[in-house]
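Chain naming here is simple, since letters A, B, ... match the order of the sequence lines and numbering starts at 1 in each. These numbers come from a predicted model, not from an experiment.
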Number of protein chains: 2
Amino acid sequence: MFHKETEYALRGLVYIQQQNELGHRPGLAEIAREIDAPGFYTGKILQRLVRQGFLTSRKGKGGGFGFGRDKPPLPLRDLILATEGNKILTGCAFGLKECDQDHPCPLHYRYAPIRNALNDLVATATIQSLAGSLAASVPPAREKPDIGSNPDKNIN
Amino acid sequence: MFHKETEYALRGLVYIQQQNELGHRPGLAEIAREIDAPGFYTGKILQRLVRQGFLTSRKGKGGGFGFGRDKPPLPLRDLILATEGNKILTGCAFGLKECDQDHPCPLHYRYAPIRNALNDLVATATIQSLAGSLAASVPPAREKPDIGSNPDKNIN
DNA sequence: CTATTAAAAGACAAAAAGGTCTTTTAATTA
DNA sequence: TAATTAAAAGACCTTTTTGTCTTTTAATAG
Ligand code: FES
Ligand code: FES
């Protein structure tokens, strides 16, 4: 689904937020080890996110990464757009230059709802909601059981 | 969403099927031009698909690409698995080594239904169904309007 | 049989994604 | 202030994806 870079960023930020909630500011070595990502590459990615204002860092002893206490929750969408762009969120499944409802490709009417569901997910889920074991990670009490028209094949 | 190679393959095969239905076996130059894809690259892709048995080709004058009349409909799923593998259909959105319901990532319960919907789409839509302007490409008579929980933001 | 046509094969190259490593800068602590 | 710690910066490399081009092979038409 997402690029490796996006995956590392997601896992990294969620880990940082979880540790922050415990009053801990993790450093790069710890983060990379815990999220099972390549150390130097993770460093480069976090660095970029700091420059983009998604999180803060401190150098030297006791340094590490964290979110400011005042920072509003960060929707996954913002992170995704910053790291890999909008192809996955707005692109045409058939590869047309753009997805245009007025000139739909043969997949449009079945693909658009799926893409919309993804957009909704990344707009409403935040790093903070994923960090708390609550909300996003818990089964949503079976109400909309599944989306496909082949319910028997789906696993949740 | 998909790799460029998959997109070109999708558009190419649908075009070939459409032309076949009109009694025409298009050649590479025509195909690449009509689906707006790089010629030589499209050639390489189609060549690979021929080797994998997805379609047939004929060299020389009057040559071109086509499906055998006896060939059963080709689900997009088969094409996708052959060209770019199963990451998009079975991978974890958080980047865990595998998506395991027993050890779900924080995105699992909201992502799995979306991925299931995609699996359903590519399992039921075929090159042939997309080629006919019917079936897949026509709005499905508004019954399951949308998937997300933010209906007002969705466009179909 | 010959000329022509068009796909097959495969070398080659550019661009993007993914990853490693060294040097520099800044902060803390002793 | 000096030693230590940890992030910032950026050079460099590898792999994958995407794309180009030339040569070869096979089919058909005349
Ligand atoms: S036009 Fe292809 S997905 Fe909308
Ligand atoms: S475990 Fe991550 S999507 Fe299932």
Figure out the CZ/P separation between B:Arg51 and C:dA8, and round it to whole Å. 9 Å
Once you round it to whole Å, what is the distance between P of C:dA6 and CG of B:Leu28? 11 Å
Counting heavy atoms from C-beta on, name the nucleotide in C:dT29, C:dG19, C:dA8 closest to the side chain of B:Gln47. C:dA8
State which of D:dA7, C:dG19, D:dG19 makes the closest approach to the side chain of A:Lys4. C:dG19
Roughly how far, to the nearest 0.5 Å, is CG of B:Leu22 from CD of B:Gln19? 5.5 Å
Nearest-angstrom distance from the residue atom CD of B:Glu7 to C1' of D:dG19: 15 Å
Any side-chain N or O of B:Tyr41 under 4.0 Å from OP1/OP2 of D:dT17? no
Does any donor atom in the side chain of A:Thr42 or A:Arg11 lie under 3.5 Å from an acceptor atom in the other side chain? no
First encountered from the 5' end of DNA chain D, between A:Gly60 and A:Val50: A:Gly60
Name the nucleic acid region contacted by B:Gly64, choosing base, sugar-phosphate or nothing; use a 4.0 angstrom heavy-atom cut-off, strictly under. sugar-phosphate
Does a distance-only test, which skips hydrogens and angles, find a donor-acceptor pair under 3.5 Å between the side chain of B:Lys44 and the base of D:dT18? no
d(CD1, B:Ile45; P, C:dA9) in whole Å: 16 Å
Considering only heavy side-chain atoms of A:Tyr8, the closest of D:dA7, C:dG19, C:dA17 is C:dG19
In whole angstrom, give the distance that lies between atom CZ of A:Phe40 and atom C1' of D:dA11. 13 Å
For the pair B:Thr56 (side chain) and B:Gly66 (backbone), establish whether a donor and an acceptor sit closer than 3.5 Å, ignoring hydrogens and angles. yes
Would one find a side-chain N or O of A:Arg25 under 4.0 angstrom from OP1 or OP2 of D:dA6? no
For C:dA6, take OP1 and OP2 only and decide whether either is under 4.0 Å from a side-chain N or O of B:Ser57. no
Nearest-Å distance for atom pair CD1/P, residues B:Ile35 and D:dG19: 11 Å
Whichever of A:Gly39 and A:His3 has its nearest DNA chain C nucleotide further upstream toward 5': A:His3
Strictly distance-based, threshold 3.5 Å: is any side-chain N or O of B:Thr124 a donor or acceptor partner for the main-chain N or O of B:Asp120? yes
Separation of D:dT17 atom P from B:Ile88 atom CD1, nearest Å, is 13 Å
Please determine if a side-chain N or O atom of A:Arg58 lies less than 4.0 Å away from the OP1 or OP2 oxygen of C:dT28. no
Can you tell me the distance, in whole Å, between the NZ atom of B:Lys59 and the P atom of D:dA26? 5 Å
A:Lys61 side chain, from C-beta outward: closest of D:dT28, C:dT29, D:dT18: C:dT29
What pair of heavy atoms forms the shortest contact from A:Ala9 to A:Ile45, and how long is it? CB-CG2, 4.1 Å
